[in-house]
Amino acid sequence: MPATLAFDPAALPDSSGHFGRYGGVFVPETLMTALAELGDVYASARNDPAFVQELTDHLKEFAGRPTELYFARRLTEHCGGARIYLKREDLLHTGAHKINNALGQALLARRMGKKRIIAETGAGQHGVATAAVCAKFGLECVVYMGAVDMERQALNVFRMRLMGAEVRGVEAGQKTLKDAVNEAMRDWVTNVRGTHYILGSALGAHPYPMMVRDFHRVIGKEAKAQLLAREGRLPDEMVACVGGGSNAIGFFYDFLPDRSVKLIGVEAGGRGIRRGEHAARFEGGRLGVLQGSKTYILQNDDGQIELTHSVSAGLDYAAIGPEHAYYRDQGRIEYAYACDDEVISAFQLVSRLEGILPALESTHALVHGMKRARALRSDQIVLINLSGRGDKDVNQVARLLNVKL
Ligand SMILES: *Cc1c(COP(=O)(O)O)cnc(C)c1O
C-alpha cells in the first residue's frame, strides 16, 4: 500500500458534485435552481457554529446520540477469531441511522424558509424518521411510498400517519422505492418554491450525496473515539451494509486516511447473483445515470432498470451512491455481498447470542463481519455498524420461517 493517499477525501466531491467520473447533477432544469440554493445554504450552515451546535443538541436530546460501542462477547466466542464490536445505531430514536440525516436536512429546510417537506421511503425507516422530525419542527410532511411497500410495511405507514405525515401510495412501475423517488421528484419540480425534498440516502444529484454523508459522519467519528478510548487502537477491519450507502459512508469516512483499516461494504446478494434476483450493483451493474447521479446501476442492455430483490427492503435498490463507486475504483473500500438465507440465519443467531434483534439490512454486515472475524486472530478487531433494529422485520422473518403469529 502506498504511504500517501492517491486521493483527498476532503476535496471530494469537486464543486460540480463529481467523485472522479461519478456523481454530478442529472435533473430537469426546473430543479437546478433549488439544488444550487440547497448547496449554498448547506455550505453556509456547515460553517456556522450556531447551526452545528443546534444540530448536535437535537442529535443528543431527540435522537439519543452518542450511540454506544458494544463488545459482542458471545458472538466473538462463537466465531472464535477477532473481537467483534458493534456500533449501536439501532438504539437511535425511530430505530435506525436515518434520523441523523433527517434532522440535519429539516434544519436546512427551516433555514431556507421552506415549510413543506417531501420524502421517499422503501421499508419506511426514512419515512418514519422524516415524519418524526417534521412533527418536532411543525413542518408539513408528505411521504411517497410504493404501493407494494405500503402493504409490506403497513406498521410503518401507520407510524408515519400517527406523527401527522401524509403517506401517498405510488402505483407506477414496480410500486417500490425507485418509483417512489420518481414521484417525489415530480412533486418537487411542481412545488419547488416552498418545498424541500429530504432525500434518504447518499444518492441523487449533488449536493445530496455529500450532504447526507456529512450528516452521518458522526457515526464514524464517535466510533473512532470510543474504540481508541477502550482499546487504545484502531480496528483492523470495518464492515457496513450498503443500500444507497449512507450508513456505510458515514461510518467509514473518518477512517479513509487510516490505510491500516480495511473497509468493507456489503450489498444484498438476494437469492443469488442472477439477473433480477439480487441488488448487488458491483456484481453485474454497469455505469449509468439514475435519479440524478452517474454511478453503478443494475440495468439491461437497453439501459432499462433491472428488477432487484432482497429480503431487506432497505438494500433493495438498483443504484449505489456515487462516492462508493469512486472508492471502489481507488481500491480503498472493498465490497462483498450476503444472501437472503445467510441473513435469515444470522438474524436468529445474533438475536439468541446477544439479545439484540438486528435490522435485516444490518444483518448483511453481520454475516460478512462474522466471516471476517473467523479469518482473523483473537488479538484483532472487527468493527461492524449495526445500522438499525430488527423490530420492524419480525413479521417478515416469522413468515419466512413459517411461524404463525
Ligand atoms: C435504510 C437502511 C439501510 C440502507 O440505507 P443506506 O443509505 O445504505 O444506509 C441500512 N440499514 C437500515 C437499518 C436502514 O433503515
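Both counts, for ligands and for their atoms, begin at 1 and track the order of listing.
- Of the protein's non-hydrogen atoms, the one nearest atom 12 (C) of ligand 1 is S387 OG, 3.5 Å.
- Below 4.0 Å from some heavy atom of G243 lie the following atoms of ligand 1, by number and element: 8 (O).
- In this structure, atom 3 (C) of ligand 1 lies nearest to the protein heavy atom K98 NZ, 3.6 Å.
- Close approach of ligand 1 to N247 (heavy-atom distance below 4.0 Å) involves ligand atoms 6 (P), 8 (O), 9 (O), 10 (C).
- Interface atoms of ligand 1 facing G388, defined by a heavy-atom separation under 4.0 Å, are 13 (C).
- The environment of K371 atom NZ is dense: over 12 non-hydrogen atoms of other residues, nucleotides or ligands sit within 6.0 angstrom.
- Ligand-side atoms of ligand 1 in range of A359: 13 (C), range being under 4.0 angstrom from any heavy atom.
- For ligand 1, the atoms closer than 4.0 angstrom to any heavy atom of G245 are 6 (P), 7 (O), 8 (O).
- Using 4.0 Å as the threshold, A202 has no heavy atom nearer than that to any atom of ligand 1.
- For ligand 1, the polar-atom distance check finds an N/O of G244 within less than 3.5 Å of one of the ligand's N/O atoms.
- Looking at H97 next to ligand 1, an N or O pair under 3.5 Å apart turns up.
- Scanning the protein heavy atoms around atom 4 (C) of ligand 1, the nearest turns out to be G314 O, 3.4 Å.
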When you look at H364 and E267, which way does the side-chain hydrogen bond (donor to acceptor under 3.5 Å, both in side chains) test go after all the steps?
CA-CA 7 Å; H364 285 69; E267 299 185 279; over 6 Å; no

